[in-house]
Participant: 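To start, I am sharing the structure in question, which I have written as structure tokens.
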Amino acid sequence: MLRLPTFTFHQPKTLRDALGMKADAGPEGVFVAGGTDLYPNMKRRQQEPRTVISLMGISELAETRNAERGTDVERTSL
């Protein structure tokens, strides 16, 4: 069984916090929303970030707005 390497996991509540955490982590930090690519790649050591920052709990990212068309698209419908 392949195991994940050691890393620090953050779950920010705001986009500002997430961006600050990424700035602090530098190139060793990555964002994750679902992890369907990241975690298997980490197990195979194809990616080895020291910091993983989850975007799942950030309500600001729950909707994507298209100002030009005046439409709202929920993340779950993408």
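For reference, positions follow the sequence shown, starting with 1.
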Participant: Name each donor-acceptor pair under 3.5 Å that joins a side chain in residues 45-52 to protein atoms two or more places apart or in another chain, with its distance.
Facilitator:
residue: R45; atom: NH1; partner: R3; partner atom: O; Å: 2.7
residue: R45; atom: NH1; partner: M42; partner atom: O; Å: 3.2
residue: R45; atom: NH1; partner: K43; partner atom: O; Å: 3.2
residue: Q46; atom: OE1; partner: R44; partner atom: NE; Å: 3.2
residue: Q46; atom: OE1; partner: R44; partner atom: NH2; Å: 3.3
residue: Q47; atom: OE1; partner: N41; partner atom: ND2; Å: 3.0

Participant: Is it the case that one hydrophobic cluster holds both V32 and L19, taking links as side-chain heavy atoms less than 4.5 Å apart, direct or via other members?
Facilitator: no

Participant: Enumerate the residue pairs fulfilling side chain to side chain donor-acceptor pair (under 3.5 Å) with a member in residues 15-39, sequence neighbours excluded, ordered by first and then second residue.
Facilitator: T14-D17

Participant: Between the main-chain N or O of L15 and the side-chain N or O of E60, is there a donor-acceptor pair closer than 3.5 Å?
Facilitator: yes

Participant: Within this structure, what is the CZ-NE2 distance for the pair F31 and H10, rounded to the nearest 0.5 Å?
Facilitator: 11.0 Å

Participant: If two hydrophobic side chains count as joined below 4.5 Å and joins carry through other members, does M21 share a cluster with F9?
Facilitator: no

